[in-house]
Amino acid sequence: MAAPEAWRARSCWFCEVAAATTMEATSREAAPAKSSASGPSAPPALFELCGRAVSAHMGVLESGVWALPGPILQSILPLLNIYYLERIEETALKKGLSTQAIWRRLWDELMKTRPSSLESVTCWRAKFMEAFFSHVLRGTIDVSSDRRLCDQRFSPLLHSSRHVRQLTICNMLQGATELVAEPNRRVLETLASSLHTLKFRHLLFSDVAAQQSLRQLLHQLIHHGAVNQVSLYSWPVPESALFILILTMSAGFWQPGPGGPPCRLCGEVSRGRAPSRDEGSLLLGSRRPRRDAAERCAAALMATRRKNEAKQVPRAVPATRVTRRSTQESLTAGGTDPKRELHPPATSQEAPGTRRPPSAPAATSSASASSSTSSSKRAPASSAPQPKPLKRFKRAVGKKGARTRQGSGAESEDLYDFVFIVAGEKEDGEEMEIGEVACGALDGSDPSCLGLPALDASQRFRSISTLELFTVPLSTEAALTLCHLLSSWVSLESLTLSYNGLGSNIFRLLDSLRALSGQAGCRLRALHLSDLFSPLPILELTRAIVRALPLLRVLSIRVDHPSQRDNPAVPGNAGPPSHIIGDEEIPENCLEQLEMGFPRGAQPAPLLCSVLKASGSLQQLSLDSATFASPQDFGLVLQTLKEYNLALKRLSFHDMNLADCQSEVLFLLQNLTLQEITFSFCRLFEKRPAQFLPEMVAAMKGNSTLKGLRLPGNRLGNAGLLALADVFSEDSSSSLCQLDISSNCIKPDGLLEFAKRLERWGRGAFGHLRLFQNWLDQDAVTAREAIRRLRATCHVVSDSWDSSQAFADYVSTM
């Protein structure tokens, strides 16, 4: 009897609260009704008035409301604001109540956006709170405009922060300064434990203060938090300092900004320790005084000259190599007078043969920077043609260096505080190209040759596991930094580089990936690479990647245009290094998924076969826009798959002309290891459809392992669809359960006849049928009847598509 008595007590308590607040609530509702021009509205129900009153006094009544019986609580839930609705979630679940419908209605009414059709929302509460956090942070929503969002007892940011799994920072880093502010310390601490993905979209140039705030934010969320993925989208003109800051912080490097507060989470011990040999010696150079970028590069060149002259090793090199004359020209092109003494650290000695002008006093680093800038303006143009890599370096130094000095006003606020480049070690006597000089690959040069000071005072922290760069053009400076970070980024598991304009920097990327693969504990298992151009043909590039990363599991590579030198090389350049495009056999690798998007033009089948032969664990293969010289070459690829890729389960072809490869298609359909085959826009039935369709159906009827067949965009038509229906006949041993016949010029009457044949043969539900972009709008009644009959057999997915857009296809099939 105790439970019923408790239930009656709580019900009586609710009635008492209702009775005490009814008169007050009724007077508030009646006041606007009297002044309404449209006349008095219907008075709200007594229970609703009581519920509103209870919702308004939840600060006092919260514990009592939690104890209410389920039927009463269910009616109160829609009246609560988002803060108490979120707090009561656990109690509601224990009573068998769901708040998902309430959160969905709040999304529709307040966010006023429709989720993507591809998105499957599993928790509307988390989705609403995450979007609410972002809107409040950016100031795009007014919490005081709706009573469901406004409550003085709660902080909108703090209350919703624990639901944020993905945060997007846009434009000029809006929100970064607010999050690192002292009043939002608890918000940032909560984000550090809940946030997993950090995205940057449409970034613009930012000031030093905003970058300092972002530096602290990334340190908290990545180094001391749970963020494991950083993605950058649509940044047409990346700011080098900001981009390199994001990269280095994502890789786990941390150095407090100039004048910034120390991190209280690091502790005094970690703040004072120097990087150990195993984590820092490979990446960080020796400490050097900061100087102007052009002066640093010139100092590196002069250091090389001194070393070579001291060894007295005479070398005669072509005009495109580094000589004494080309060094002088490069110094002049870099904006530095070669006759002016460049002051190295105080312990170094003057180079032999250099003269110090009598009027040039000893200058500080700041004075030398301004002197270098003025000297670059007065320096005459070199009469000899300058190679393009050197010109690019000159522009980068001039613009970025000038902006750094003007924006910060002091050397201690250099925007490149987070950038480091370790010079490549060269053997004695090895010749170096001008491009290598511009990129800092000098023997004995300063790691800051590109204007990027070494970070010998930085510390190594936790780093992310997924890095994605979408439509972010990479300059030589940014590409070098990325490649150097990658060479030791052992925690990285997935890398996506999409349309970054790498050009010849792809060779540096391959070298860094090879170095990463040799590191103990390398976790890189997925690589997605796409670009407009590539200096290597796509198959040679694929071979190079597979050789560099034998432990890779997923490789997706796409090149839109044929291999060309989009960035002309230095005259006399011998081309790609031999170790990248070697002819040796590819060692056995661990590839499980391979996706390739080809440019136009015939592809050499033997190169593709060499990759397939080395990928014995391959389970999924996708070829997009692949063209072979003859059907025999395509047959060679298929035969290789049959012999060497016994674990292959999914095979996809997209935008390939297979009209002349019908025998090869039949060979595939008879493969008893494949579970899913896709022929998307492959012109399968363009030639001999009357003879090919029966052969295709016969092959499918005898295949008991094939589960999915996708045929979008092949102009199947009504006749082809009816022929395909025979796959599900009584004498068929097919196990097909997924069929995609989208964009196949199918009309309602043909679809209806297809449905009737399935009913006649009595086949049970066979899974999914996709009907997108067919001509079903020509007879809506017949189409609805056909879909109704099909839904008794399978799950139908269709759309309302205007077939008038396909007039050209209609004419071609008449």
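For the numbers below, each heavy atom of this structure counts, side chains included, while hydrogens, waters and symmetry mates do not. Quick note: residue numbers are just sequence positions, from 1.
- Legend: residues meeting ring pair (Phe, Tyr, Trp, His ring centres under 6.0 Å) with Phe128, ordered by chain and number and at least two apart, are Trp103.
- With sequence neighbours left out, Glu109 forms a side chain to side chain donor-acceptor pair (under 3.5 Å) with Arg148.
- Judged as a side chain to side chain donor-acceptor pair (under 3.5 Å), and not counting sequence neighbours, the contacts of Ser610 are Arg543.
- Judged purely by distance below 3.5 Å, without hydrogens or angles, the side chains of Ser530 and Ser498 pair a donor atom with an acceptor atom.
- Legend: residues meeting side chain to side chain contact (heavy atoms under 4.5 Å, CB included) with Gln166, ordered by chain and number and at least two apart, are Glu130, Thr197, Lys199.
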Donor-acceptor pairs are to be reported for all side-chain atoms of residues 586-593 against protein atoms at under 3.5 Å, with residues two or more places apart or in another chain.
{"residue": "Glu588", "atom": "OE2", "partner": "Gly616", "partner atom": "N", "Å": "3.4"}
{"residue": "Asn589", "atom": "OD1", "partner": "Leu591", "partner atom": "N", "Å": "3.0"}
{"residue": "Asn589", "atom": "OD1", "partner": "Ser615", "partner atom": "OG", "Å": "3.2"}
{"residue": "Asn589", "atom": "ND2", "partner": "Ala614", "partner atom": "O", "Å": "2.9"}
{"residue": "Asn589", "atom": "ND2", "partner": "Ser615", "partner atom": "OG", "Å": "3.3"}
{"residue": "Gln593", "atom": "NE2", "partner": "Glu595", "partner atom": "OE2", "Å": "2.6"}

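- Annotation: ring pair (Phe, Tyr, Trp, His ring centres under 6.0 Å) contacts of Phe200 (sequence neighbours excluded): none.
- If you run side-chain contact (heavy atoms from CB on, under 4.5 Å) between Leu711 and each of Asp740, Ile677, Leu684, only Leu684 comes through.
- There is a side-chain donor-acceptor pair under 3.5 Å between Ser231 and Gln229.
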Using distance only, find each side-chain donor-acceptor pair of residues 520-528 under 3.5 Å and give its atom names and separation, not counting sequence neighbours.
{"residue": "Arg525", "atom": "NH1", "partner": "Cys522", "partner atom": "O", "Å": "3.3"}
{"residue": "Arg525", "atom": "NH2", "partner": "Cys522", "partner atom": "O", "Å": "3.4"}

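- Among residues two or more places apart in sequence or in another chain, the side chain to side chain contact (heavy atoms under 4.5 Å, CB included) test is passed with Pro694 by none.
- By the side chain to side chain donor-acceptor pair (under 3.5 Å) test, Arg165 pairs with no residue at all, sequence neighbours left out.
- The shortest side-chain heavy-atom distance between Leu709 and Val727 does not fall under the 4.5 Å cut-off.
- For Phe653 and Phe634, the ring centers are positioned less than 6.0 Å apart.
- In terms of the salt bridge (charged side-chain N to carboxylate O under 4.0 Å, His left out) criterion, residue partners of Glu753 (sequence neighbours excluded) are, by chain and number, Arg757, Arg760.
- With a 4.5 Å cut-off on side-chain heavy atoms, Phe728 and Thr793 do not count as touching.
- Legend: residues meeting ring pair (Phe, Tyr, Trp, His ring centres under 6.0 Å) with Tyr233, ordered by chain and number and at least two apart, are Phe470.
- Side chains of Asn744 and Ser742: a donor-acceptor N/O pair is absent below 3.5 angstrom, by distance only.
- Evaluation of the ring pair (Phe, Tyr, Trp, His ring centres under 6.0 Å) rule for His795 yields His768 as partners, not counting sequence neighbours.
- Here the side chains of Arg553 and Ser617 are not in contact, with every heavy-atom distance at 4.5 Å or above.
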